[in-house]
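Data block below; observations after.
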Amino acid sequence: IHMDDWGLHLYFNVPSLVNKCGISRISPWLLAENADSKVEYGKGTCPNLDSLADRTAIICISPVLTDEDINDIINGIRHAVL
């Protein structure tokens, strides 16, 4: 699973951040000192993080797998990457 597709693990996938609407009554975007803020939180705001995320994947491993199953997965990934 590619990180961009995994939902709320990246800043640009957090609707309350991107839309500047807090999930509680206390929202930093409602503070007077932030009223004129032009900061955007869409993809591209943090290019270094975006670069890392572009090269990151999530590998889901079930808790019912045996050690042999897990080692097979590890070896398969090593084979594919190296």
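Because only heavy atoms are used, hydrogens play no part in the values below, and waters and symmetry mates are left out as well, while side chains stay in. We're numbering straight along the sequence, starting at 1.
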What are the two closest heavy atoms between Cys21 and Pro15, and how far apart are they? SG-O, 4.4 Å
For Ser62, what residues pass the side-chain hydrogen bond (donor to acceptor under 3.5 Å, both in side chains) criterion, not counting sequence neighbours? none
Do Trp29 and Val39 make a side-chain contact, defined as non-hydrogen atoms from C-beta onward lying under 4.5 Å apart? no
Do Ser51 and Asn48 have side-chain N/O donor and acceptor atoms under 3.5 Å apart? no
side-chain hydrogen bond (donor to acceptor under 3.5 Å, both in side chains) contacts in which one or both residues fall within residues 33-46, not counting sequence neighbours: Asp4-Lys43
Quick one: pull up CG in Leu49 and CG in Leu10 and give me the separation to the nearest 0.5 Å. 6.0 Å
Just distance, no hydrogens or angles: give the donor-acceptor pairs under 3.5 Å from side chains in residues 74-82, sequence neighbours left out.
residue	atom	partner	partner atom	Å
Asn75	ND2	Asn71	O	3.1

